[in-house]
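Here the structure comes first, spelled out in structure tokens, and everything after it is commentary.
Everything quoted here is computed from the prediction, not taken from an experiment.
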Amino acid sequence: MEFGEDEYLQLSGIQHYAFCPRQWALIHVENLWGENGLTSEGEWLHKVAHDDTKIEKRRDLIIVRGMRIFSQRLGLSGQCDIVEFHKSNDGIKINGWPDCWIPYPIEYKHGVSKINDCDRLQVCAQVICIEEMMCCEINEAALFYGEPQKREQVEMDCELRSKVEDVAMQMHELIKRNYTPRVKRHKGCISCSIKDFCLPELGKTKKVEDYLNENL
């Protein structure tokens with residue numbers, strides 16, 4: 001199955017959906033957004049990385065910023081923070097550059113590495129897009145976290161790729177239904193920038209049916 005351009009969803013939504021499907025739907029279905037310290041820090045990091053006016057060449061390395069990517073198979077489009085192209089005999093040809101190169105996406109994130117796969121899924125989705133666009137194979141990418149100022153290598157294994165495909169299909173299904181999932185409280189609700197729209201405390205409210213069964 002392939003999606004048309006008018007059906008493409010924002011690739012960054014992969015991270016939102018993996019963190020909380022309701023958060024993703026409020027942002028991408030209902031077009032709601034809120035700012036807090038965490039989102040401002042993340043925006044600053046991305047602004048630094050997305051300077052697409054420069055392409056750097058350092059010996060056996062090419063650095064491209066703000067590279068536009070898409071996948072017809074997943075129905076996603078977006079922008080990479082940074083893609084490094086490493087010189088390799090196993091790589092691909094790039095117009096305007098001699099030799100062969102292997103793409104290596106790097107996604108910038110504020111804070112520290114997370115236990116869950118939210119960020120890893122996002123950079124994996126970028127890898128899948130680049131592979132589809134450039135007819136290549138990428139085995140590894142990286143996440144750069146602002147607080148420790150260091151990279152975390154991410155292996156592009158079958159399990160991670162399968163999760164990306166599942167999340168993408170779930171996102172398309174909710175868009176098609178124009179549906180926002182119900183509140184499901186978790187630790188992340190405290191620092192969520194759109195909790196005032198989400199109203200997670202409503203998750204404690206009893207259903208009318210349950211109330212009637214208890215009191216009648």
**Partner set under salt bridge (Lys or Arg N to Asp or Glu O under 4.0 Å) for Asp99, not counting sequence neighbours** = Lys87
**Request:** Could you check if a side-chain atom of Trp24 sits within less than 4.5 angstrom of a side-chain atom of Ile14, using non-hydrogen atoms only?
**Result:** no
**Message:** Atom CG of residue position Asp6 - does it have more than 12 heavy atoms of other residues, nucleotides or ligands inside 6.0 Å?
**Reply:** yes
**Item:** Any donor-acceptor N/O pair, Arg68 side chain to Ser77 backbone, under 3.5 Å
**Value:** no
**Request:** Measure the shortest side-chain to side-chain distance between Glu107 and Cys80 over non-hydrogen atoms and say whether it is less than 4.5 angstrom.
**Result:** no
**Message:** Please evaluate residues Leu76 and Met171 with respect to the criterion side-chain contact (heavy atoms from CB on, under 4.5 Å), reporting the C-alpha separation (whole Å), side-chain torsions for both, the decisive distance (0.1 Å), and the verdict.
**Reply:** CA-CA 10 Å; Leu76 299 175; Met171 288 160 52; 4.1 Å; yes
**Request:** Might you confirm whether atom CD of Glu173 has over 12 heavy atoms from other residues, nucleotides or ligands at distances under 6.0 Å?
**Result:** yes
**Request:** Indicate the atoms forming the closest heavy-atom contact of Glu165 with Leu74, along with that distance.
**Result:** CG-CD2, 3.8 Å
**Rounded distance [0.5 Å steps], CD in Gln170 versus OH in Tyr17** = 4.0 Å
**Asked** With a cut-off of 6.0 Å (strictly less than), are more than 12 heavy atoms of other residues, nucleotides or ligands near NZ of Lys57?
**Response** yes
**Request:** Kindly compute the distance separating CH2 (Trp101) from CG (Asp60), expressed to the nearest 0.5 Å.
**Result:** 6.0 Å
**Request:** Evaluate whether atom CG of Asn89 has more than 12 neighbouring non-hydrogen atoms of other residues, nucleotides or ligands under 6.0 angstrom away.
**Result:** no
**Prompt:** Does the side chain of Phe3 reach to within under 4.5 Å of the side chain of His172, using non-hydrogen atoms?
**Reply:** yes
**Message:** Could you measure the distance from the CD atom of Gln149 to the CZ atom of Phe144? Nearest 0.5 Å is fine.
**Reply:** 4.0 Å
**Complete:** Smallest heavy-atom separation, Ala142 atom then Val123 atom, equals O-CG2, 3.7 Å
**Request:** Using a 4.5 Å cut-off on heavy atoms from C-beta on, say whether the side chain of Leu11 contacts that of Gln122.
**Result:** yes
**Item:** Nearest heavy-atom neighbours spanning Tyr145 and Pro148
**Value:** O-CD, 3.6 Å
**Complete:** CD of Gln72 to CE of Met133, rounded to nearest 0.5 Å, is 10.5 Å
**Request:** Group every Ile, Leu, Val, Met, Phe, Trp and Tyr by side-chain heavy-atom contacts under 4.5 Å, then state whether Trp97 and Ile102 land in the same group.
**Result:** no
**Asked** So, His86 side chain and Gly91 main chain: donor-acceptor pair closer than 3.5 Å or not?
**Response** no
**Request:** Nearest 0.5 Å please: distance from the CD1 atom of Ile138 over to the CD atom of Gln126.
**Result:** 10.0 Å
**Asked** With hydrophobic residues grouped by side-chain heavy-atom distances under 4.5 Å, do Leu121 and Val112 end up in a single group?
**Response** no
**Prompt:** Can you find a pair of side-chain heavy atoms, one from Met156 and one from Leu160, that are under 4.5 Å apart?
**Reply:** yes
**Item:** Closest contact, heavy atoms only, Arg73 versus Met169
**Value:** O-CE, 4.1 Å
**Prompt:** By side chain to side chain donor-acceptor pair (under 3.5 Å), which residues pair with Ser162, not counting sequence neighbours?
**Reply:** none
**Request:** If a pair satisfies salt bridge (charged side-chain N to carboxylate O under 4.0 Å, His left out) and one of its residues is in residues 131-140, list it, with sequence neighbours excluded.
**Result:** Glu131-Arg161
**Asked** Is a side-chain N or O of His28 found less than 3.5 angstrom from the main chain of Leu9, in a donor-acceptor match?
**Response** no
**Message:** Given 3.5 Å as the limit, does a donor-acceptor pair link the side chain of Glu84 with the main chain of Tyr104, or not?
**Reply:** no
**Prompt:** Does a side-chain heavy-atom distance below 4.5 Å link Ile82 with Tyr108?
**Reply:** yes
**Item:** pair Pro181-Leu174: side-chain heavy atoms closer than 4.5 Å
**Value:** yes
**Flag side-chain contact, heavy atom, 4.5 Å: Asp81 against Ile106** = no
**Prompt:** So how far is it from Gln15 CD to Gln23 CD, rounded to the nearest 0.5 Å?
**Reply:** 7.0 Å
